[in-house]
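For reference, the structure discussed in these notes is given below.
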Number of protein chains: 2
Amino acid sequence: MVTKGNAFDPNCPTRTILDRIGDKWTVLVVLSLRSGPLRFTELRDGIGRVAPKVLTQTLRRMERDGLITREVYPEIPPRVVYTLTPMGASLIEPISVITDWAETHVPAITRAQQRYDEPA
Amino acid sequence: MVTKGNAFDPNCPTRTILDRIGDKWTVLVVLSLRSGPLRFTELRDGIGRVAPKVLTQTLRRMERDGLITREVYPEIPPRVVYTLTPMGASLIEPISVITDWAETHVPAITRAQQRYDEPA
DNA sequence: CAGCATCCGTGCAGATACTG
DNA sequence: CAGTATCTGCACGGATGCTG
């Protein structure tokens with residue numbers, strides 16, 4: 001069985017995962033941390049145009065979920081390092097399945113869209 | 001390589017896929033149609049609390065993407081049947097990878113959240 | 001039956017400015 | 001440096017009512 005049948009339950013915890021995977025920044029953070037821990041600014045610069053507030057929200061939620069750890073070094077200037085936990089790292093696989101699927105089917109999807117958008 | 005490095009491009013087509021997978025209703029439609037074609041109302045009833053407008057939007061977008069087909073029988077009363085295309089059906093695999101991951105890790109995530117939310 | 005048209009509320013992304 | 005504080009806007013989900 002693909003799903004235990006509770007995927008239709010609005011409160012199904014699987015939904016939470018889908019939300020995370022579907023979240024733009026969460027995925028990018030995982031991929032960014034794939035090759036090692038990074039500081040806040042390094043993440044920010046690597047990811048591109050992301051407001052600090054939004055990045056912070058994303059990181060806090062991921063920390064809460066146990067996907068990353070957050071280590072604060074009380075220096076001046078402060079240094080905070082984010083690291084993928086084993087669980088966080090295990091997300092890379094599902095993500096790569098999705099991206100593989102995407103790269104395989106995107107051309108067909110694009111064609112389907114064009115066909116759909118063509119003359120009425 | 002997990003990603004071709006363009007996952008960070010805001011216009012990366014892979015993002016579109018992530019958005020679809022992350023979309024609550026799209027996933028439920030795929031799972032609903034897994035065992036055969038369904039009519040609009042059947043989908044609506046099976047999925048649960050979803051506004052017709054939202055379901056229609058979801059179905060149109062999926063049709064446009066080539067994930068489902070929409071057949072209209074000009075009868076009275078009208079009958080419209082939605083069917084998973086081969087491409088749409090191929091989405092079940094990635095989805096099941098996600099749900100498998102979810103079912104494996106949800107307990108750990110829940111525990112992590114509780115630990116995080118505990119005494120300040 | 002299968003939807004379209006319309007309206008509403010609002011959650012939330014994002015920009016900007018400031019601080020320990 | 002690594003955030004917090006504050007404001008804005010608008011995309012989007014959802015409810016309701018109508019129609020071919």
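Heavy atoms only: backbone and side chains are in, while hydrogens, waters and symmetry mates are out. Just so it is clear, the structure is predicted and the values come from calculations on it, not from any experiment.
With rounding to whole Å, Arg60(B) atom CZ is found 9 Å from dA2(C) atom C1'. When rounded to the nearest whole Å, the span between CG of Asp23(A) and C1' of dG11(C) equals 15 Å. Put simply, CZ on Arg79(B) is 11 Å from C1' on dC1(C), counting in whole angstrom units.
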Per-residue pairing states of DNA chain D in dot-bracket (Watson-Crick or G-U under 3.5 Å; . unpaired, | other strand) read ||||||||||||||||||||
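Among the protein residues, Tyr73(B) comes within range of no part of the nucleic acid, since none of its heavy atoms lies under 4.0 Å from any strand.
Taking both residues in full, the closest heavy atoms of Ser32(B) and Leu28(B) are given as OG-O, 2.7 Å, listed atom of the first, atom of the second, then distance. The minimum heavy-atom distance between Ser90(A) and His105(B), with the atom names listed, is OG-NE2, 3.5 Å. The two atoms that bring Pro94(A) and Val97(B) nearest to each other are CA-CG1, 3.9 Å, heavy atoms only. Heavy-atom minimum distance, Asp23(A) versus Thr58(A): OD2-CG2, 4.2 Å.
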Output a table of donor-acceptor pairs, distance under 3.5 Å, between side-chain atoms of residues 41-52 of chain A and any protein atom two or more places apart or on a different chain; print 'none' if there are none.
{"from": "Glu42(A)", "atom 1": "OE1", "to": "Arg39(A)", "atom 2": "N", "distance (Å)": "2.7"}
{"from": "Arg44(A)", "atom 1": "NH1", "to": "Val50(A)", "atom 2": "O", "distance (Å)": "3.3"}
{"from": "Arg44(A)", "atom 1": "NH2", "to": "Val50(A)", "atom 2": "O", "distance (Å)": "3.2"}

Please table the atom pairs, donor to acceptor, closer than 3.5 Å between any side-chain atom in residues 68-82 of chain B and protein atoms at least two apart or in another chain.
{"from": "Arg70(B)", "atom 1": "NE", "to": "Tyr82(B)", "atom 2": "OH", "distance (Å)": "3.3"}
{"from": "Glu75(B)", "atom 1": "OE1", "to": "Arg79(B)", "atom 2": "NE", "distance (Å)": "3.4"}
{"from": "Glu75(B)", "atom 1": "OE2", "to": "Arg79(B)", "atom 2": "NH2", "distance (Å)": "3.3"}

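Within the model, atoms CG of Leu91(A) and CZ of Arg20(A) stand 10.5 Å from one another, a figure rounded to the nearest 0.5 Å. Distance CZ/Arg15(A) to CD1/Ile17(A): 10.5 Å, rounded to 0.5 Å.
Remark: Arg70(B) is in phosphate contact with dG3(C), judged by side-chain N or O atoms under 4.0 Å from OP1 or OP2. Contact check, Trp25(A) against dC12(C): no side-chain N or O comes under 4.0 Å of OP1 or OP2. Considering only side-chain N and O atoms, Gln57(A) lies nowhere under 4.0 angstrom from the phosphate OP1 or OP2 of dC12(C).
By the side-chain hydrogen bond (donor to acceptor under 3.5 Å, both in side chains) test, Gln113(B) is found to be paired with Asp65(A), residues two or more places apart in sequence or in another chain being considered.
The span of DNA chain D lying next to chain A, judged by atoms under 4.0 Å from heavy atoms, is bounded 5' to 3' by dC1(D) to dT6(D).
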I'd like to know whether Trp101(B) forms a side chain to side chain contact (heavy atoms under 4.5 Å, CB included) with Met87(A), so could you lay out the CA-CA distance, the side-chain angles of the two residues, the decisive distance to 0.1 Å, and finally the verdict.
CA-CA 10 Å; Trp101(B) 190 94; Met87(A) 181 159 67; 4.0 Å; yes
List the steps, then state whether side chain to side chain contact (heavy atoms under 4.5 Å, CB included) holds for Ile92(A) with Leu84(A).
CA-CA 10 Å; Ile92(A) 292 174; Leu84(A) 225 47; 4.2 Å; yes
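For the contact set between residues 42-54 of chain A and DNA chain D, defined by any heavy atom under 4.0 Å, the members are Lys53(A).
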